[in-house]
Amino acid sequence: MDLRLAVYQLASAHALDAQQTRHLEEVAGFQREPARLAYWLPRGVAVLGAALLGMGLIFWVAANWEELGRMGRFALLQGVFAAACLGAFAVPKARVPLLLVAMLAIGGLFAYFGQTYQTGADPWQLFALWAALALPLCLVARSDVLWTPWMLILATGATLWMQAHARHSWHVESDDLPVYLTGWLIVLLACALVSPLLARWTGAGTWALRLGLVLLTILVTGSAVSALFGNEIESPYWAGLGLLAVAGVLLATGRYFDVFGLSAVALGINTLLVGGLTHVLFNGHGDGVGALAVLGLLAAVLLALTVQGILWRTRREAA
């Protein structure tokens with residue numbers, strides 16, 4: 001319930017005058033500073049400034065491509081990276097935003113290197129190297145401010161690797177199963193790295209894990225659904241469904257419970273189950289209207305059961 005709306009409803013129900021309404025607002029805390037605002041506001045501004053600085057550096061190099069020479073571009077990007085690392089070492093309070101600038105500078109440096117020398121390397125190699133070099137920065141920072149973009153970088157590299165090694169761009173076949181399993185497991189291992197199991201050493205919080213679970217669900221669901229486009233259900237579909245089911249069971253346990261991650265994985269499982277039902281019902285060459293009605297009914301029941309299960313698990317965890 002909206003607290004402000006509840007206060008106005010109370011004032012209206014009891015016919016409070018202006019002074020009494022203001023007193024009720026003071027009791028509700030409308031005039032007080034939000035909790036821990038003095039702690040989070042400067043940190044949030046610093047992180048936002050670091051992100052804007054890093055992206056601005058990349059855009060500035062691109063905008064002044066003709067004015068800066070090759071050595072000048074390299075010197076600028078490397079100088080910003082070195083200055084950010086030294087500043088993080090010298091000023092511990094600014095360590096997290098400065099290391100974020102260093103991480104973005106690594107990406108800009110690799111992007112410029114790939115455009116300048118045209119080495120022929122696949123894009124996934126640059127992202128993989130970016131993730132590998134940024135990993136020490138994440139371990140030093142011990143903050144989701146770095147772990148979250150690192151997860152995005154790694155998942156992007158894994159996706160590009162799968163596209164480069166799969167035989168088809170859109171059609172997924174059983175012969176491609178080792179490629180897709182490898183890509184999925186890479187993202188899954190990254191989620192395990194930022195999980196509470198290793199938080200004592202990594203310092204990762206919940207947002208990096210949640211982003212990783214969302215990206216893993218999108219990656220697995222997209223690949224597995226593509227395996228339904230043929231006449232037969234290919235093995236990547238069953239592998240993706242099994243992987244998400246295992247992840248859902250782990251996230252439902254007490255130690256790893258996270259309602260956000262569990263909801264994302266459950267949505268992926270529902271999507272795959274409905275996709276499998278669609279493949280079975282409409283490949284039978286039966287009544288299309290009847291199959292569509294059955295599919296809608298089963299999808300609604302499945303969604304209702306999933307929501308009820310997540311709510312039951314959440315209430316149990318809260319109790």
Side-chain angles (χ1 to χ4, degrees), residues 107 122-128 130-131 134 138 144 146-174 176-195 204-230 233-252 256-279 299 302-303 306-307 309-310:
D122 290 330
W124 71 265
Q125 294 175 326
L126 297 178
F127 279 92
W130 185 4
C138 298
D144 270 356
L146 269 75
W147 281 117
T148 303
W150 180 85
M151 182 65 70
L152 180 61
I153 294 168
L154 183 71
T156 303
T159 304
L160 294 174
W161 181 86
M162 291 166 56
Q163 293 180 353
H165 289 81
R167 298 188 305 166
H168 307 280
S169 299
W170 298 103
H171 184 60
V172 178
E173 297 181 351
S174 297
D176 301 323
L177 180 59
V179 174
Y180 288 99
L181 275 179
T182 303
W184 298 343
L185 290 177
I186 289 173
V187 182
L188 184 61
L189 290 175
C191 292
L193 178 63
V194 298
S195 68
T206 57
W207 290 109
L209 177 60
R210 290 175 176 178
L211 177 62
L213 290 173
V214 170
L215 295 175
L216 175 66
T217 302
I218 294 174
L219 186 61
V220 173
T221 304
S223 304
V225 167
S226 300
L228 298 173
F229 290 162
I233 298 179
E234 302 291 344
S235 57
Y237 170 80
W238 301 111
L241 184 60
L243 182 62
L244 290 183
V246 172
V249 171
L250 289 176
L251 290 171
Y256 304 105
F257 176 74
D258 183 76
V259 65
F260 184 94
L262 181 60
S263 301
V265 173
L267 178 61
I269 294 174
N270 281 2
T271 302
L272 292 183
L273 290 177
V274 173
L277 289 172
T278 304
H279 185 278
L302 182 62
L303 180 61
T306 303
V307 172
I310 294 176

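Since the structure is predicted, the reported quantities are computational estimates derived from the model, not experimental observations.
- Considering OG1 of T271 and CG of L241, their distance stands at 11.0 Å, rounded to 0.5 Å.
- Here the side chains of I310 and S263 are in contact, with some heavy-atom distance below 4.5 Å.
- How far OH of Y237 is from NE2 of H279: 9.5 Å, rounded to the nearest 0.5 Å.
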What verdict does the side-chain contact (heavy atoms from CB on, under 4.5 Å) test give for L185 and L188, after you've listed the backbone C-alpha separation in whole Å, the side-chain angles of each residue and the deciding distance to 0.1 Å? CA-CA 5 Å; L185 290 177; L188 184 61; 4.1 Å; yes
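- Applying side chain to side chain contact (heavy atoms under 4.5 Å, CB included) to L251 and the options V265, V246, V259 leaves one that passes, V265.
- At least one donor-acceptor pair under 3.5 Å links the side chain of D144 to the backbone N or O of G205.
- Scanning both residues, P236 and A227, for their nearest heavy atoms gives CB-CB, 4.2 Å.
- Here W207 contributes atom CH2 and T148 contributes atom OG1; the two are 9.0 Å apart, rounded to the nearest 0.5 Å.
- Screening V214, L193, V194 for a side chain to side chain contact (heavy atoms under 4.5 Å, CB included) with L209, the sole residue that qualifies is V194.
- Under the 30°/60° scheme for interplanar angles, the aromatic rings of W184 and Y180 are found to be tilted.
- M162 pairs in a side chain to side chain contact (heavy atoms under 4.5 Å, CB included) with only one of the listed residues (L181, L219, T182), which is L219.
- The structure places OG1 of T306 at 9.0 Å from CG of L267, a figure rounded to the nearest 0.5 Å.
- Atom CG in L250 sits 11.5 Å away from atom SG in C191 (nearest 0.5 Å).
- At least one donor-acceptor pair closer than 3.5 Å links the side chain of W150 to the backbone N or O of A131.
- Atoms CG and CG, from L213 and L262 in turn, are 9.5 Å apart once rounded to the nearest 0.5 Å.
- Put simply, the side chain of L154 does not reach to within 4.5 Å of the side chain of V187, judged on heavy atoms.
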Could you please spell out the steps behind the side-chain contact (heavy atoms from CB on, under 4.5 Å) verdict for L126 and W130? CA-CA 6 Å; L126 297 178; W130 185 4; over 6 Å; no
Criterion side-chain contact (heavy atoms from CB on, under 4.5 Å) on V179 and W161, from CA distance to verdict: CA-CA 9 Å; V179 174; W161 181 86; 3.7 Å; yes
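- Residues T217 and G268 approach most closely at CG2-CA, 3.7 Å, considering heavy atoms.
- For the pair L272 and A224, the tightest heavy-atom approach, listed with the atom from each and the gap, is CD2-CB, 3.5 Å.
- Across all their heavy atoms, L215 and M151 have their closest contact at CD1-O, 4.1 Å.
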